[in-house]
Amino acid sequence: MHVAQKYHLCSEMEKAEYDKHENQIEDDGYRRFLSRTLKPVVAKVEPNSRGLDFGCGPGPALAQMFRECGFKMSVYDKYYADDESVFDSHYDFVTATEVVEHLKNPMFEIERLWSVLKPLGTLAIMTKRVKDLDGFAGWHYKNDPTHIIFFHEKTFAWIAKKLDAQLCIESPDVVLLIKKG
């Protein structure tokens with residue numbers, strides 16, 4: 001499901017919304033939230049692997065948590081770490097935590113992330129998923145004005161098929177797409 005383009009925020013208003021977030025690496029609750037992506041990735045990839053945190057925000061907390069686990073990390077964010085050179089490298093894993101729901105062209109970005117993954121690499125996506133249309137009207141997640149696209153489990157199955165990936169549903173909001181060797 002897409003929000004009609006006429007309701008998309010301009011870049012300045014979108015960034016202003018993100019600037020309101022208080023996602024601090026020292027916040028134990030935020031670390032627990034991010035660990036929903038961290039733990040399944042750490043379980044799948046080799047120690048000392050190299051990762052990219054796509055959509056890292058102003059304080060790349062998830063990247064820091066991976067570094068604390070011994071991983072080498074790069075970061076990218078359209079507003080806070082806009083260095084396109086990260087897409088010139090290849091990674092053992094890529095994370096996109098609470099970012100795909102903000103993308104105007106999500107398949108372009110997912111394919112770009114897929115292209116920088118090494119064989120057997122893992123793309124971890126964390127986003128709340130639509131469960132059914134009946135519950136959508138009352139769903140809090142759709143009320144964020146920066147959320148412009150919503151995913152269902154079937155959407156991720158379609159993406160996995162398109163990418164020829166193995167899909168692992170880790171939790172109600174985390175999926176892993178594993179690249180074949």
I'd like to know if the side chain of [X] reaches the main chain of [Y], judged simply by a donor and an acceptor atom lying under 3.5 Å from each other, with no hydrogens or angles considered.
X   : Y    : result
K72 : G51  : no
H8  : K104 : no
H2  : A4   : no

Decide side chain to side chain contact (heavy atoms under 4.5 Å, CB included) for H90 and S115; before the verdict, give the C-alpha distance in whole Å, the side-chain angles of both, and the deciding distance to 0.1 Å.
CA-CA 8 Å; H90 286 86; S115 75; over 6 Å; no

Any side-chain donor paired with an acceptor under 3.5 Å for [X] and [Y]?
X   : Y    : result
E14 : T146 : no
D82 : Y76  : yes
Y91 : D53  : no

Nearest heavy-atom pair of [X] and [Y]: which atoms, and what distance?
X    : Y    : result
P106 : I149 : CG-CD1, 3.3 Å
C56  : A81  : SG-CB, 4.0 Å
N48  : G70  : OD1-O, 3.3 Å

[atom1]/[X] to [atom2]/[Y] distance, rounded to the nearest 0.5 angstrom?
X    : Y    : atom1 : atom2 : result
Q166 : L120 : CD    : CG    : 10.0 Å
N23  : Y30  : CG    : OH    : 3.5 Å
I110 : L103 : CD1   : CG    : 7.5 Å
L176 : T122 : CG    : OG1   : 6.0 Å
L38  : E68  : CG    : CD    : 9.0 Å
I159 : L123 : CD1   : CG    : 9.0 Å

Classify the ring geometry between Y18 and Y79 as parallel (under 30°), tilted (30 to 60°) or perpendicular (over 60°).
tilted

Taking the inter-plane angle between the rings of Y141 and F150 on a 0 to 90° scale, is it parallel (under 30°), tilted (30 to 60°) or perpendicular (over 60°)?
perpendicular

Do F93 and F66 make the cut of ring centroids closer than 6.0 angstrom?
yes

If you define the side chain from C-beta out and look only at heavy atoms, does anything of [X] sit under 4.5 Å from [Y]?
X    : Y    : result
R50  : S74  : yes
L177 : L163 : yes
F87  : L113 : yes

Lys/Arg N to Asp/Glu carboxylate O, [X] vs [Y], below 4.0 Å:
X    : Y    : value
K128 : D173 : yes
D19  : K15  : yes
K78  : E109 : no
E170 : K39  : no

Start with the C-alpha gap between D92 and K118, add the side-chain angles, then the distance that decides, and say whether salt bridge (Lys or Arg N to Asp or Glu O under 4.0 Å) holds.
CA-CA 6 Å; D92 301 297; K118 294 178 182 177; 3.7 Å; yes

Test side chain to side chain contact (heavy atoms under 4.5 Å, CB included) on R129 and E153 and set out the steps.
CA-CA 7 Å; R129 292 193 299 272; E153 191 170 312; 4.1 Å; yes

